[in-house]
> 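I'd like to ask you about the structure that follows.
Keep in mind the model is a prediction, meaning the values are calculated, not measured.
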Amino acid sequence: MTDKIVRRNSVYVYEAPVRLWHWVNALSITVLCVTGYFIASPPPSMHIAEAYYQFVFGYIRFAHFAAGMILTVGFFGRLYWAFVGNRYARELFVLPVHRASFWRGVLHELRWYLFLEREPAKIVGHNPLAQLAMFVCITLGLIFMIVTGWALYAQGAGQGSYPDMAAGWVLGLIWNSQWLHTLHHLGMWMIVIFMIIHIYVAIREDIMSRQTMVSTMISGHRMFKDDEEA
């Protein structure tokens, strides 16, 4: 749910657990994307010494698995906070698609990003378009990446292991681990594209909409540089 602001300069939006999750999640995704790229396209052998003296690819895989585990724990923690946190903590998981005002907000934000609107909407939490994008690319995207990632990890962990019991069934659905690798890799590129757009839009909104975006995820407070009625 979004709120329009009338003559309020600062609103406390994102609680500390949400902000902590955001930055840990961003770091985990960065590590996962970099190491995932090298796992799919391994770096050439190093000529310093024989391969059996090195463990470069092993370190890459370890960083990928560790970041994936942190991402998983963090996601479940974020899901828990959606129930116990404030109303803005639930925006990532609940879309008010039954409301016409939500879709009007999506259209307005699209027009704003395309430079077809003169004035931005003054909104406390995520604007409708951002909420929709976050739900699709982060909520659903991370669920897909976590499930497929653990399914791939289950191959190495072995049949009967905890990863196999939790996600081994995915391999049974796909019937081809290479297809699963490909889907997981494509999911990574979707998240990379989303991150690029997300960073651009956050900085753009800080400048053009005259309401804080980047610093809000540090302090928790959304500042409105104008004091005009929205």
Side-chain angles (χ1 to χ4, degrees), residues 17-85 89 92-93 133-199 217:
V18 173
R19 304 197 307 272
L20 177 63
W21 172 81
H22 176 274
W23 295 112
V24 171
N25 193 58
L27 179 60
S28 298
I29 289 175
T30 301
V31 172
L32 284 164
C33 289
V34 172
T35 54
Y37 175 82
F38 284 122
I39 289 172
S41 304
S45 299
M46 302 175 69
H47 300 291
I48 300 174
E50 292 293 336
Y52 55 79
Y53 287 125
Q54 304 171 42
F55 196 63
V56 176
F57 202 74
Y59 289 129
I60 292 173
R61 284 166 52 86
F62 172 78
H64 192 80
F65 297 155
M69 293 173 186
I70 293 171
L71 183 83
T72 302
V73 173
F75 184 81
F76 279 104
R78 181 65 179 83
L79 181 60
Y80 164 76
W81 199 257
F83 289 97
V84 301
L92 203 64
F93 299 93
M134 293 285 285
F135 179 80
V136 173
C137 296
I138 296 299
T139 304
L140 297 183
L142 287 187
I143 290 173
F144 174 81
M145 295 302 285
I146 287 170
V147 171
T148 55
W150 279 103
L152 293 169
Y153 186 78
Q155 285 188 295
Q159 190 173 11
S161 63
Y162 286 119
D164 180 62
M165 288 186 287
W169 55 271
V170 178
L171 284 168
L173 291 177
I174 303 299
W175 288 102
N176 187 322
S177 64
Q178 185 55 52
W179 271 107
L180 191 58
H181 276 279
T182 300
L183 292 173
H184 191 71
H185 193 67
L186 290 174
M188 179 200 78
W189 284 113
M190 178 200 72
I191 291 177
V192 167
I193 293 170
F194 170 80
M195 288 176 63
I196 294 171
I197 297 173
H198 177 65
I199 293 170
M217 200 48 74

> I want to check something: taking the side chain as every heavy atom from C-beta on, are D164 and L171 in contact at a cut-off of under 4.5 Å?
no
> Is there a side-chain contact between V147 and W169 (heavy atoms, below 4.5 Å)?
yes
> Between A63 and T35, which heavy-atom pair has the shortest distance, and what is it?
CB-CG2, 4.0 Å
> Would you say that H64 contacts V34 through its side chain, given a criterion of any heavy-atom pair below 4.5 Å between the two side chains?
no
> Hey, does the side chain of T148 reach the backbone of H184 with a donor-acceptor pair shorter than 3.5 angstrom?
no
> Give a yes or no on whether the backbone of M217 and the side-chain of W23 come within a donor-acceptor separation of less than 3.5 Å.
yes
> Do L92 and F135 come within less than 4.5 Å of each other through their side chains, counting heavy atoms only?
no
> Can you establish whether the number of heavy atoms outside F93 located under 6.0 Å from its atom CZ is more than 12?
yes
> Nearest 0.5 Å, what's the CD1-CG distance between I138 and N25?
6.5 Å
> For M188 and Y37, which heavy atoms make the closest approach, and how far apart are they?
SD-N, 4.0 Å
> If only atom types and distance count, is the side chain of S161 paired as donor or acceptor with the main-chain N or O of G158 below 3.5 Å?
yes
> Taking the side chain as everything from C-beta on, heavy atoms only, tell me whether V136 gets closer than 4.5 Å to F194.
no
> Please report the C-alpha distance between T72 and W150 in whole Å, then the side-chain angles of each, then the deciding distance to 0.1 Å, and finally whether the side-chain contact (heavy atoms from CB on, under 4.5 Å) criterion is met.
CA-CA 9 Å; T72 302; W150 279 103; 3.0 Å; yes
> Can you say whether the rings of H22 and H198 are parallel (under 30°), tilted (30 to 60°) or perpendicular (over 60°)?
tilted
> Test your reading of the model: is there a side-chain donor-acceptor pair from R78 to the backbone of A89, 3.5 Å cut-off?
yes
> Do you know the tightest heavy-atom contact between A67 and V31?
CB-CG1, 3.8 Å
> Is there side-chain contact between V84 and W81, with at least one heavy-atom pair below 4.5 Å?
yes
> Give the minimum heavy-atom separation between F75 and L142, together with the two atoms involved.
CD1-CD1, 4.0 Å
> Can you tell me if R19 has over 12 outside heavy atoms packed within less than 6.0 Å of its CZ?
yes
> Kindly write out the residues that satisfy side-chain hydrogen bond (donor to acceptor under 3.5 Å, both in side chains) with H181, not counting sequence neighbours, or none if the list is empty.
none
> So do I191 and M145 actually touch side chain to side chain, heavy atoms under 4.5 Å?
yes
> Heavy atoms only: give me the nearest F57-P42 pair and the separation to one decimal.
CE1-CB, 3.9 Å
> Kindly say whether the aromatic ring centers of Y153 and F65 come within a distance under 6.0 Å.
yes
> Which atom names give the shortest non-hydrogen contact between I174 and W179, and what distance separates them?
CG2-CB, 3.7 Å
